[in-house]
Amino acid sequence: MTCFPFSFGKKVPFVAKHDPDIDEELQGIQNVRIYTYKELKVATNNFSPANKIGQGGFGSVYKGLLKDGKVAAIKVLSAESSQGVKEFMTEINVISEIEHENLVKLYGCCVEGSQRILVYNYLENNSLSQTLLGSGHSNIVFDWKTRSKICIGVARGLAYLHEEIRPHIVHRDIKASNILLDKNLSPKISDFGLAKLIPSYMTHVSTRVAGTIGYLAPEYAIRGQLTRKADIYSFGVLLVEIVSGRCHTNTRLPIGEQFLLETTWELYQQRELVGLVDVSLNGHFDAEEACKFLKIGLLCTQDTSKLRPPMSSVVKMLTGEMDVDESKITKPGMISDFMDLKIREGKGGGDIDSKASSSSYNASSASDSQGNTMSYAANTTFSVKYDQSL
Ligand SMILES: Nc1ncnc2c1ncn2[C@@H]1O[C@H](COP(=O)(O)OP(=O)(O)OP(=O)(O)O)[C@@H](O)[C@H]1O
């Protein structure tokens with residue numbers, strides 16, 4: 001792991017407004033670049049709405065120009081997510097040490113009073129959800145080579161978090177809006193480590209989890225079992241989205257075609273997977289490779305989490321260093337099989353209310369094959385309790 005040199009911003013130990021309690025809490029925190037609130041206010045022109053580039057579950061995101069000339073994405077965490085300084089800085093310390101070409105780089109943060117702000121490298125070409133899967137406002141051409149590069153890049157970034165970092169990091173929220181593209185359309189995974197910055201009581205807020213239901217592994221959505229395998233499931237959904245150019249759920253389609261994974265499984269059984277490849281490619285793609293990617297998507301979303309390959313194998317399959325073992329492909333785990341889904345009209349395709357329909361998914365806890373303690377969910381609406389040790 002690489003530690004950032006301090007080339008700009010304030011160095012730690014950081015003294016926030018000379019608050020002795022904060023001073024004490026920050027002792028021992030290292031390697032994090034600290035920005036003052038004033039500095040970020042200047043960078044964003046007083047957090048002007050004109051500089052607002054996004055709004056997520058954690059808060060608002062602004063584009064800003066830092067005083068060293070770097071352009072940054074400045075994420076102002078919402079007041080509810082403002083955590084104690086010590087816990088916040090401990091997690092920031094971990095995240096800021098992580099550097100990989102397929103992960104968004106955290107420049108530093110600001111902790112003043114109840115303000116918790118994260119400062120990231122700014123990515124010029126927005127997220128996959130607003131470009132490839134967006135409603136047509138993007139000029140980016142996603143040809144097959146670009147898509148293949150994006151799939152492999154995301155897989156490498158996730159393999160790094162899962163297998164090369166100790167302790168490993170479970171992202172918990174792999175989805176198209178968390179894949180950002182730089183000026184060369186190289187993908188960068190954002191928001192890794194962020195879930196741990198959210199106080200535990202907020203993890204029970206169902207809307208955040210429910211908003212990304214299409215990416216949730218069944219065992220995570222229903223029993224709250226959170227392991228690397230849940231990320232691998234989400235990656236599988238994303239992979240199919242990238243190849244097909246379609247969002248995981250589209251309620252405007254006829255019943256039976258609304259859930260992308262269901263369609264993928266049906267076409268796989270009919271040996272017609274090629275029919276799922278994005279029509280906007282106008283046939284300009286490597287059909288064998290595209291079908292291979294879709295099969296890998298099915299493998300990653302297998303219902304039995306043990307059947308999902310580790311991300312390092314996924315990378316090898318995508319790059320052709322390893323064969324896809326078709327004998328292992330069975331029906332993917334589909335949340336629609338387990339849940340009573342009600343889709344509300346609303347922004348961006350709608351939020352999804354969900355309710356476990358089977359009484360067999362009552363609260364439980366267990367350990368996975370790697371010995372990770374898995375946390376549990378209650379039996380009705382989502383109530384996912386993150387295990388801080390994961
Ligand atoms: N580093 C960045 N560079 C450029 N744009 C960014 C960056 N980080 C975030 N954004 C923009 O801000 C938007 C909101 O990001 P954020 O991560 O807060 O929320 P989200 O991923 O859309 O939703 P959620 O909070 O539910 O995960 C992104 O979709 C993207 O358009």
Side-chain angles (χ1 to χ4, degrees), residues 33 35 40 43-44 47 49-66 70-82 95-96 98-109 116-135 137-138 140 153-154 157 170-198 202-203 205-216 230-231 234-235 237-238 241 247-249 346-352 382 384 386:
R33 198 168 293 147
Y35 296 89
L40 299 182
T44 56
F47 297 99
N51 287 327
K52 189 165 167 178
I53 51 173
Q55 174 74 47
F58 295 110
S60 305
V61 185
Y62 296 84
K63 184 177 179 180
L65 181 62
L66 300 172
K70 278 199 166 90
V71 182
I74 298 171
K75 188 173 285 193
V76 183
L77 300 185
S78 57
E80 300 96 333
S81 42
S82 103
I95 302 170
S96 65
I98 299 169
E99 214 169 341
H100 184 274
E101 64 169 310
N102 298 114
L103 300 175
V104 176
K105 187 167 159 176
L106 181 76
Y107 286 157
C109 68
R116 303 285 180 272
I117 304 177
L118 301 168
V119 181
Y120 289 102
N121 177 24
Y122 175 78
L123 278 311
E124 297 81 353
N125 274 314
N126 223 320
S127 68
L128 275 184
S129 66
Q130 277 163 306
T131 53
L132 177 66
L133 306 178
S135 46
H137 303 300
S138 164
I140 300 174
V154 176
V170 179
H171 185 289
R172 309 166 193 229
D173 205 9
I174 291 290
K175 58 180 177 177
S177 71
N178 278 336
I179 309 301
L180 302 174
L181 303 168
D182 73 6
K183 57 179 184 309
N184 303 314
L185 301 182
S186 241
K188 316 266 178 190
I189 302 174
S190 79
D191 282 1
F192 56 91
L194 258 198
K196 285 195 177 180
L197 290 177
I198 300 302
M202 270 196 78
T203 60
V205 177
S206 59
T207 47
R208 218 194 112 66
V209 179
T212 54
I213 192 170
Y215 294 98
L216 290 184
D231 274 355
S234 309
F235 174 80
V237 175
L238 180 70
E241 288 185 319
C247 186
H248 57 75
T249 309
K347 58 184 168 87
D351 296 334
I352 300 174
F382 285 142
V384 176
Y386 293 131

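Note that ligands are numbered from 1 as they come in the structure, with each ligand's atoms numbered from 1 the same way.
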Point to revise | Flag, side chain of Lys188 to backbone of Glu101, donor-acceptor distance under 3.5 Å | key: yes
Point to revise | Min side-chain heavy-atom separation Asn51-Ile74 under 4.5 Å | key: no
Check your understanding: If you measure every N/O of Val61 against every N/O of ligand 1, is any gap under 3.5 Å?
Key -> no
**Study point:** For Leu128, the option from Leu181, Asn178, Leu180 that meets side-chain contact (heavy atoms from CB on, under 4.5 Å)
**Key:** Leu181
Exercise for review: May I ask you to list the atoms of ligand 1 that are less than 4.0 angstrom from any heavy atom of Asp173?
Suggested key: 27 (O)
**Study point:** Test of proximity, Gln55 against ligand 1: N or O pairs below 3.5 Å
**Key:** no
Review point. Does the N or O separation between Tyr122 and ligand 1 drop below 3.5 Å for any pair?
Key: no
**Study point:** Donor-acceptor pair, side chain of Asp231 and main chain of Arg172, under 3.5 angstrom
**Key:** yes
Exercise for review: Say whether Ser177, considering both its backbone and side-chain N or O atoms, lies within less than 3.5 Å of an N or O atom on ligand 1.
Suggested key: yes
**Study point:** Atoms in ligand 1 flagged as close to Leu123, the criterion being non-hydrogen separation under 4.0 Å
**Key:** 1 (N), 2 (C), 3 (N), 4 (C)
Review point. Can you find an N or O of Asn121 that's nearer than 3.5 Å to an N or O of ligand 1?
Key: yes
Point to revise | Gly56: numbered ligand 1 atoms lying under 4.0 Å from its heavy atoms | key: 18 (O), 19 (O), 23 (O), 25 (O)
Exercise for review: For Asn126, counting its heavy atoms only, list the atoms of ligand 1 lying under 4.0 Å from any of them.
Suggested key: 30 (C), 31 (O)
Exercise for review: Enumerate the atoms of ligand 1 whose separation from the nearest heavy atom of Gln130 is less than 4.0 angstrom.
Suggested key: 29 (O), 30 (C), 31 (O)
Check your understanding: Going by the order shown, which atoms of ligand 1 are within less than 4.0 Å of some heavy atom of Ala73?
Key -> 1 (N), 2 (C), 3 (N), 7 (C)
Check your understanding: Heavy-atom distance under 4.5 Å between the side chains of Glu241 and Cys247, does that happen here?
Key -> yes
**Study point:** Within-shell test, Lys175 vs ligand 1, heavy atom, strictly < 4.0 Å
**Key:** yes
